[in-house]
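Each remark here refers to the structure printed beneath this line.
Only a predicted model underlies this, so the values are computations on that prediction, with no experimental measurement involved. What you see below is based on every heavy atom in this structure, not just the backbone, and it leaves out hydrogens, waters and symmetry mates. Letters A, B, ... are given to chains in the order of the sequence lines, protein chains preceding strands, and every chain is numbered from 1.
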There are 2 protein chains.
Amino acid sequence: MNVVEKLEAADPSQEDRTQSIRDALRDAIIDRRLAPGAKLAEHEVGTLFDVSRTLARSVLQMLAYEGLVRIERNRGAFVASPTPEEARQVFDSRRLIEPGILRTAAERLTAVDIKALRVHLQQESRFMNERGPTARRAEIKASGDFHLMLASHAGNAVLLKFMDELVARSSLVIALYGRSGVSSCGHNEHAAILDALEAADVEQACLLMLKHITHIEADLDLRISEGLSLKDALVT
Amino acid sequence: MNVVEKLEAADPSQEDRTQSIRDALRDAIIDRRLAPGAKLAEHEVGTLFDVSRTLARSVLQMLAYEGLVRIERNRGAFVASPTPEEARQVFDSRRLIEPGILRTAAERLTAVDIKALRVHLQQESRFMNERGPTARRAEIKASGDFHLMLASHAGNAVLLKFMDELVARSSLVIALYGRSGVSSCGHNEHAAILDALEAADVEQACLLMLKHITHIEADLDLRISEGLSLKDALVT
DNA sequence: AAACAGGCGATTGTGTGCAATCAGATGGCA
DNA sequence: TGCCATCTGATTGCACACAATCGCCTGTTT
């Protein structure tokens, strides 16, 4: 019965609850079911996912490390509310990294990959045309996922993890300072980038990516720093 | 006695033991007092820093998130031993990011800042000329700190945190795959970069930085992947 | 003699309890 | 009536205890 024991040992669902909780909370934050500044009490998170405070705490600390959650000593955890300065830094970072990622990814993109990206864009536009908060959330997530899909094709896990962080924090920033409805202008730009990639015009793709990121940032209203953090304090 | 209460409340030393433990372990890893693959038992870490396993565990999880520690379920935490592939990804990331950081930092560097960097380089070369493991460790740390000092002048905390991670992981990589003594060739290159910056020749500085990173990577022996991870398994 | 099953020590995974701390409520005092 | 000190409920910080799991060792069987 040696072999059998080895086989039945694998129980992936129980394998790491902590990771699935992390992902669930992360998703809730980045598609804005949890507003910036919202309190994340350990006990509440724990009961919600049916684990003890120990694991809830561990998850919150992880999220704090990637900048999605802010932990104040003796006060607890809150969904992060990036300052305008932080917002600028996030977009500066993206402007620095994403063109580089694009250059590497372009070399490795196959026709199949591009096809998959196009399918993704179709879903994105479908969400864009729908109404309702659910579609909005799906659109936000899909928009970020486009960037992540591109990044994943660069074959650099280190950079991909960083991009994951940047995209997630961007979502928070847009939730806080976004003016128009989401990054609705962004969708066409995604398509344009993909067109350039398909035409093997890498430099053009990079240029479009830079413009795209800058457009997203330009759609923000980063002036009202004090006002929003005040309002945020009230919400908390 | 209202004001007095507020004042005596501040006890920075007790404020965050967890952070100081993290820093201590981190330093021990990046200046190679702890070899890649070394076991980091929770109880051992706890008693060493005189805290319970709870905090020790929390620290190990943090370090795992930034890639310095690998945690295997039900087996424990080990100092990470990056694969050659990971090593390449780290250096690719640095090649992508550091020139960009340099460009931003160059705009903000004052004469005073450059002076401070030169002083740092002097220390670096002092360590280089000394013998013994202590000097070696100091040299390794100082070499990484040069890059981090430059990065800090870019005024982007998000990128700085990422650079912190990259530099730390680079140290691990060099420990595993380094051929010659440390990055001894690197020191002169640091000086050359600083010269270019002082001459306000940013493009030259970026070029030198790229070459510098590539030189470090070229000094590694990334072929012997299987051999080393096997030896590593034995060491563990 | 070789190999496998089962037990054992050690280490991690997770829940819970207690002390410390904070925010808001309450009551006394000017 | 307004303000400040104090009290109280709730929440976090941390340690500890117990359960689960793993690797190793040993004894037995073929």
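Summarising the geometry, the separation between CZ on A:Arg73 and C1' on C:dT21 is reported as 9 Å, rounded to the nearest angstrom. Taking atom CG on B:Asp16 and atom P on D:dT12, their separation rounds to 18 Å, with Å as the unit. For the pair B:His43 NE2 and D:dC16 C1', the computed distance is 13 Å after rounding to whole Å. Distance B:Leu40 CG to C:dA10 C1': 17 Å, rounded to the nearest Å. The distance from atom CD of A:Glu72 to atom P of C:dT21 is 17 Å, rounded to the nearest whole Å. One can place CD1 of A:Ile71 at 16 Å from P of C:dC22, the figure rounded to the nearest angstrom.
Using a 4.0 Å cut-off, no side-chain N or O of A:Lys39 falls inside it from OP1 or OP2 of C:dA23. For the pair B:Arg75 and C:dA10, the criterion of a side-chain N or O lying under 4.0 Å from OP1 or OP2 is not met.
Other residues, nucleotides and ligands contribute more than 12 heavy atoms inside 6.0 Å of the CD atom of B:Gln19. Heavy atoms of other residues, nucleotides or ligands lying less than 6.0 angstrom from CD of B:Glu130 number more than 12.
With D:dC14, C:dT14, C:dT12 as the candidates, the nucleotide lying closest to the side chain of B:Arg17 is D:dC14. For A:Val51, whose side chain is taken as the heavy atoms from C-beta onward, the closest listed nucleotide among D:dT12, C:dT12, C:dG15 is C:dG15.
Closest-nucleotide positions on DNA chain C for B:Glu42 and A:Asn74 were compared, and the one nearer the 5' end corresponds to B:Glu42.
Under the 30°/60° scheme for interplanar angles, the aromatic rings of A:His212 and A:His190 are found to stand perpendicular.
A:Asn156 is not listed as a side-chain neighbour of B:Leu96, based on a closest heavy-atom distance of 4.5 Å or more.
For the salt bridge (charged side-chain N to carboxylate O under 4.0 Å, His left out) test, residues two or more places apart in sequence or in another chain that qualify with A:Arg95 are A:Asp92, A:Glu217.
Contacts with DNA chain C (heavy atom under 4.0 Å) in residues 52-68 of chain A: A:Ser52, A:Arg53, A:Thr54, A:Leu55, listed by number.
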Test log, rule side-chain hydrogen bond (donor to acceptor under 3.5 Å, both in side chains), inputs A:Asp23 and A:Ser20: CA-CA 5 Å; A:Asp23 291 343; A:Ser20 67; over 6 Å; no

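Separation of atoms CE (B:Met62) and CD1 (B:Ile21) is listed at 11.0 Å; rounding is to 0.5 Å.
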